[in-house]
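Notes to accompany the following structure.
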Amino acid sequence: MASTLRRFRDSLSGPVRLPLGLLAAVVCVGVAVLQATVLTVRTEGLSGTHAFLVHWAHPAVWVVLGMVCLEYAVRAERIVLNRTAMVAVGLYLAFLLSVSFA
């Protein structure tokens with residue numbers, strides 16, 4: 001008998017993969033737009049580069065996560081997915097460091 005997790009994983013690799021990946025990518029881009037416009041962090045009194053990182057790093061993380069979702073949808077190789085996800089992790093760490101020193 002297959003475990004529940006294995007059945008779930010197998011169902012995600014079937015015909016639902018493309019629409020699910022596209023939907024997740026659209027949600028990620030929507031969150032990025034919200035982060036860039038409505039949910040911004042205050043940057044008054046910060047230097048140029050620091051203010052840029054505080055304002056744009058978090059929306060960039062969501063855009064890169066959307067790219068990961070698109071890569072998943074089109075069945076990109078695992079190494080491509082991993083490297084793109086690591087870019088998102090690096091951007092998020094840059095965002096956290098820039099906010100913590102703000």
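Cluster membership for V31 and V87, using ILVMFWY side-chain heavy atoms within less than 4.5 angstrom, is shared. Follow the hydrophobic side-chain contacts under 4.5 Å out from V29 and you never reach L22; the two are in separate clusters. The hydrophobic cluster containing V99 also contains L96, counting ILVMFWY residues as joined when their side-chain heavy atoms lie under 4.5 angstrom apart, directly or transitively.
By the 4.5 Å heavy-atom criterion applied to side chains, L91 and F95 are not counted as neighbours. Two residues are said to be in side-chain contact when any heavy atoms from C-beta on lie closer than 4.5 Å; N82 and M86 fail this criterion.
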Sequence neighbours left out, cut at 3.5 Å: what donor-acceptor pairs do the side chains of residues 63-74 make with other protein atoms?
residue : atom : partner : partner atom : Å
E71     : OE1  : T84     : OG1          : 3.1
E71     : OE2  : T84     : OG1          : 3.0
Y72     : OH   : L12     : O            : 2.7

May I have the list of side-chain donor-acceptor pairs in residues 51-61 shorter than 3.5 Å, sequence neighbours left out?
residue : atom : partner : partner atom : Å
H58     : ND1  : Q35     : OE1          : 3.0

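By the 6.0 Å contact criterion, CZ on R75 is enclosed, its count of non-hydrogen atoms from other residues, nucleotides or ligands being greater than 12.
Residues that satisfy the side-chain contact (heavy atoms from CB on, under 4.5 Å) test with V26, not counting sequence neighbours, are absent from this structure.
Contact detail for V33 and T37: the closest heavy-atom pair is O-OG1, 2.7 Å.
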